[in-house]
Amino acid sequence: MKTYLILVFFLFTIISFAQENGSIVGKLTDKELNNDPLAFANVLIKGTTQGTTSDFDGLFEIADVEPGTYTLVISFLGYETLELPNVVVESGKVTEINAGLGASSVGLDEVVVTTSARKDSEVALLLQQKNALVIQEAISAEALTLKGIDDAASAVAQISGISKQQGSSNVYVRGLGDRYQNTTMNGLSLPSNDVSKKNIDLDLFSSSIIENVAVSKAYDPSFYGDFAAGNVNIDSKEYTGNGYLEISLGSGFNSNASGEDFFRSEGPSNFGFYNRYDNDPFAIVLSHGVDPQEAWSPINISGAIEGGYSFNFNNDNSRLSFFGAASFANGYELLEGPARDFTNVLKVDFPNVQEFNYSTTTTALGNITYKINNEHKLKYSSLFINSSSDAVGYYGINGQGTNRDAIITTDEGFYVMNVQFNQDMIFVNQLTGQHVFNDELSLDWGTGFNKVFSDEPDRKRITLENYQLALDNDDSTNPVFYTNIPFDNQRFFQSIEDDELNSFVNLGYQASEKVKFNFGYNGRRKERRFNSIRYGYEIQDRDNTPITDVNNFNTIFDVSNINIPNGEGLWDLLVLNPINNDIGNRNRPGLPENTYKGNLNVHAIHAAAEIGLGEKLGFVPGIRLESYSQKVEYDVINISAVDPGFRNVYENIFLPSLNVRYALTENSNLRFGFSKTASFPEFKEVAPFVYESVTQRVGGNPDLLGGLDGNGPTYSDIFNYDIKYEWFLERGEIISIAGFAKTIKDPVNRVVAADATGTQRYFRTGDQADIYGAELEIRKNLYMDADDNAIVSVGLNAAYTHTEQDLKDIPGGTENTFGTAFDRDSDELEGASPFVINADVNYSPVFGNYKPKATVAFSYFSDRIFSLGSGSLGNIVEKAVPTLNFVWKNSFGEHFEANLSAKNILDPNVTLVREGTDLGNIIIREYNLGVNVGLTLKYKF
C-alpha cells in the first residue's frame, strides 16, 4: 500500500507541470508492538498550520508543501513528542519519511527520541482488533477514564452482547452465565473468590490497575478448552515513563442508607478483616454473642495511591520499570422488600425484610518489568485483593411473617435475624516473559500461583415466633424462640481454601511473510478444600424463656446460660458430628459437618497457523489436544447411603478451530469463526453440600461427573459458529454487526426441586441446547475539535439471543443420586437474556487548562431464567433491569482532578419471581439498591 501511494504522488508531480510545491509522505510504525502501524498520530510541520494524521495503516501525507527545510513534529496521546529536523522538501518532488518508533531512545536522522507505547490506548486496541485474524474486542484504560468506569465488570459491560447483573458482580456474555466463561490476567488463569461462582468478581479490579480488558468470544486454541461464551482477559497496568505519584480521596452516600442507623456483624473490622480464624468455632460461640453492633455513619469512603517509575540503563535498549497501586473503598446499602420461600407451596413468607449491607474492597497491585533489550522482556506481577460483605438481615420486621410449619400460629409473627460476614482474600503471583530471537522465532511464557481464602465465619441465625408481640408495647406479651429443630437458632462457620498453579508457553515461527506457525502448551493444577460446621441452640424450655428485648439476645446466649454442669441452664449447644461418641455432641466441640476436596488437572498442547492469502484474505486453522481430569471427594449430611462419596473422571479431548478474516476494504473486515470446545462442571456444581440461606437452598450434584453408575456424560461438547462485519471509520470509531450460533450437548442448568425442600441443584437437563443471536456495536464521534479530538461521542451496543433446550425427566435412586422431572419438553437456557443494550454519550470540551468530561451511560437486560422449575411449577425468573449512570470528571491542568458521579439513577427494583404457582406469579425477593452519589479528588505529583 505504501509503494502504491508513493507512485501515485510521483505520477501526480510529473503530469502537473504547474505544480511547483512538494509533499511529504511516509509510514509510522511502533517497535514496541512488533512494528505494528501507528494509527492516528498527529504529523505537523513545526511553525505552520500544515499537518495531518496517520491512518489505520500508519500512512500519512502532507501535500502542497513549499520547498524548504522543515522540522516535522509527530505526536500522539500518551507518547512523548517526536521532532525530526532537516526534512528537505524539493519543488515537484515527494519526500518520504518512514519512522519506526520504540519506547526507549532510538537514533533517527541524528535526533534522539524518547517515546512510550500506549497499549492502553483505545485507538491502539481498535487497530489491533482490525488486524487480528481472530475475532476479539477490548476496552482500554483510556476509554475507562473517558466513560468514568470504575472496575472491570462495568468495563466488559460496554462490549456488545455482555450484561452485568444489577447488584451483583455476575457478568453474562451472549446470554450465558458464569459457568460458560473464563477469566485471566496477563494470559494466566485467575481464581474464583466465591464458592458459588467459577469466575472471579470483575468488580474487584479497579480501573487504576487495568491497562485494558479484552473479551474473546471466538475460540482460539491457546485458550483452555472449557470455553463457550468467552474469555475475559485483564492486562494489568505497567509503567514506562518518568516517575509519578497520584493520590485520590473520595466520599459519597447511598440514598437508601443515608441517615439510617446502621448495623454490622460483631467481630469484623471496619476494613473488612476478621481476626478470629485461629480460634476454634466452639470457643467463638461461647465467647462472643449473637447481636449485631452499631456501625459508622453510613457514608461511603474511598482512597487510593498509585505510582510508577522507570529508568534506562547505560544500554539505551535496557529499562527497569515499577508500578504500584493500592486502594480501599467501602459501601453502605439498605435493602427493603419482601422475601419468600416457595417450594411446592408457599412455605415461608416475609412481606417486609430489612437488610443492612456493608461492603469493603482492598486492592494492591505491584508490577516490575525488566526490558533486557528490544528482543527480551520479563514481568513480575503480584496482586492482593480482600473483599468483604457484612449483612445484617431482619426478616418479618412488621410481625406479618408466616411459616407453614410454625408451632404457635401459621398466620403471623414468624421472624428471622440473620447476621453474616463473608471475607475473600486472593493472592495472585505471576512471572511472564517475551522473547524475540530473530525475525522468525519468538517465545512467550508465563507461570502463576493463586491462593484463595474464602470464609464465612460465625453466621448467626435466630428464629422467633409471635414477633408481633414485640410491637404491641405490652411487657407482659413477648415472642418466643422457634424450636422445630435445634438448628433453627444456630451459629455457622464455613471455610474454603484454593491453590492453583498454572502456566503457558507459546512459540511463534514466522515461516514466510504470509505464514506464521504458533505452538504452545498450557495447563493448570487446582485444589479446593472445603469444610463447614454448625452449632445449634437447643432451648430447654421455650415457653418459659420469653424474649423481652428483641435487640438484646446476648443476655440469653451468654455462656453463663449454657445447660452445664447442673442441667439448669437455658440451652444446650449441639453439633452434628462429635469428635467421638464418648464425648458426645452436646455442649462439646465437634468436627466439620460437611467437607469436600476437589482436584482439577488440565494439560494441553495446541498448534495454529496464521496464513495470509494475498492482501485481503487470512485464516487461522488450529487444533488443541487437552487432557482433563477431575476428582471430588465429599462427606456431607443427607447423602444417599449407596453413594460412594467421590467422583473421578479422566478425558482426552480433541478441539479443532478455524478463524477467517477477509478485508473487504482498507478499513472493513468480514470474519468467520468455527470451533469445538467443552464445558466442565465446577466443584460447587458437583459437591452435594447444600448451602442454606434464609429463603433459598442451593446444592451440588455429583452425577454431573458421569452419574451414579459412571456411564453418563462428564462434560459438555460445544459447537461454536461466528460471523462478523466490522467497519473502522475515523479515530476511535467502529460499526460492527455479528451473528453467532452455538450447540451445547448435555447442558447443565440449575433446577429448583418440586418438593418440600425446594432445593436448587445442577442437572444435565437434556441432550442439547441451541443458541443463536445477533450483535450490533457503534462507536461514533459526533463533533471534533481542530486537533481531531472528540468533543461529543456516542456508543451503542445491543444483542439479541435466542436459546432453546430440550428437557428430559431424570430418575433418581439407583441410576442417579438425585432426580428431577419436567412437565414440558423444552425451555430457554438458564441465565440467558433475549435482549441486552448498552449505550453512552460523552461530552469532552476543553477550556484552557480546564478539561471536563461528562458521560451518561445506560444499560438494560431483559427477563432471564434464574433457575428452571421442575414438575408442574414454573421457573424462577430474574426480571429486567435498566441502569443509568452519570459521571462528571473535571481536570484542572496536569495535576488536579475532581470527579462527581451518580450511579443507578433510575433505582429500579431487583426482582426474582416464581412463575406458574397455584397462587400465580409470586415475588420471592425484591428490593432496590438506592442511588449512589460520590465525589473523588485526585492529585498527581
Side-chain angles (χ1 to χ4, degrees), residues 39-54 73-83 116 118 120-124 126 139-150 154-155 158 207-208 241-242 244-252 302 304 306 729-733 779-796 839-858 884-903 905 932-941:
F40 303 120
N42 294 314
V43 185
L44 181 69
I45 298 177
K46 189 173 182 179
T48 75
T49 59
Q50 283 185 285
T52 185
T53 59
S54 59
V73 180
I74 302 176
S75 62
F76 183 67
L77 180 64
Y79 284 75
E80 295 184 9
T81 301
L82 167 63
E83 294 191 0
S116 59
R118 281 293 302 271
D120 59 350
S121 164
E122 185 175 17
V123 172
L126 281 176
I139 185 167
S140 67
E142 181 184 14
L144 299 184
T145 301
L146 186 68
K147 297 181 180 181
I149 295 171
D150 297 327
S154 300
Q158 300 296 309
S207 58
S208 65
N242 296 325
Y244 84 101
L245 180 69
E246 182 177 278
I247 297 175
S248 65
L249 295 172
S251 184
S302 63
E306 69 173 81
L729 293 86
E730 300 298 328
R731 178 175 177 175
E733 299 180 337
R779 293 187 226 171
K780 188 73 177 73
N781 301 322
L782 299 182
Y783 180 64
M784 314 286 287
D785 62 15
D787 296 324
D788 289 333
N789 295 313
I791 295 178
V792 180
S793 62
V794 296
L796 169 70
D840 61 82
V841 179
N842 177 263
Y843 177 57
S844 304
V846 176
F847 305 101
N849 289 329
Y850 175 46
K851 302 175 182 179
K853 297 178 181 178
T855 300
V856 176
F858 172 81
L884 182 67
N885 298 329
F886 171 74
V887 177
W888 182 19
K889 292 180 174 289
N890 299 273
S891 296
F892 302 90
E894 299 296 325
H895 300 284
F896 183 67
E897 188 174 306
N899 302 326
L900 178 68
S901 64
K903 305 292 183 66
I905 296 172
N932 286 302
V933 178
L935 175 66
T936 302
L937 304 179
K938 291 184 179 181
Y939 191 83
K940 184 174 183 179
F941 296 90

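The basis for the numbers below is simple: all heavy atoms, side chains too, and nothing from hydrogens, waters or symmetry mates.
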(request) Count the heavy atoms of every other residue, nucleotide or ligand shown that sit under 6.0 Å from OH of Tyr783, and state whether that count exceeds 12. (result) no

(request) Please list, chain by chain and in numerical order, all residues satisfying side-chain contact (heavy atoms from CB on, under 4.5 Å) with Leu782, sequence neighbours excluded. (result) Lys780, Val792, Val794

(request) Indicate the atoms forming the closest heavy-atom contact of Leu937 with Ala898, along with that distance. (result) CD2-CB, 3.7 Å

(request) Report the residues that fulfil side-chain hydrogen bond (donor to acceptor under 3.5 Å, both in side chains) with Tyr244, sequence neighbours left out, ordered by chain and then residue number. (result) Glu306

(request) Specify the closest pair of heavy atoms between Thr48 and Ile45, including all atoms of both residues, with the distance to one decimal. (result) OG1-O, 2.8 Å

(message) Using side-chain heavy atoms (C-beta onward) and a distance below 4.5 Å, is Asn899 in contact with Trp888?
(response) no

(message) Once side-chain hydrogen bond (donor to acceptor under 3.5 Å, both in side chains) is applied, do any residues pair with Lys851, and if so which ones, sequence neighbours excluded?
(response) none

(request) Could you tell me which residues satisfy side-chain hydrogen bond (donor to acceptor under 3.5 Å, both in side chains) with Tyr850, sequence neighbours excluded, listed by chain and number? (result) Asn890

(message) Checking Lys940 now: which residues fulfil salt bridge (Lys or Arg N to Asp or Glu O under 4.0 Å) with it, not counting sequence neighbours?
(response) none

(message) Could you work out, with side-chain contact (heavy atoms from CB on, under 4.5 Å) as the rule, every residue matching Ser302, not counting sequence neighbours?
(response) Ala329

(request) Sequence neighbours left out, what passes ring-ring contact (aromatic ring centres under 6.0 Å, His included) with Phe858? Give chain and number order. (result) none

(request) Could you tell me which residues satisfy side-chain hydrogen bond (donor to acceptor under 3.5 Å, both in side chains) with Glu246, sequence neighbours excluded, listed by chain and number? (result) none

(request) Can you see which heavy atom on Asn885 is nearest to which on Ile905, and at what distance? (result) C-CD1, 4.2 Å

(request) State which residues pass ring-ring contact (aromatic ring centres under 6.0 Å, His included) with Tyr939; sequence neighbours excluded, sorted by chain then number. (result) His895, Phe941

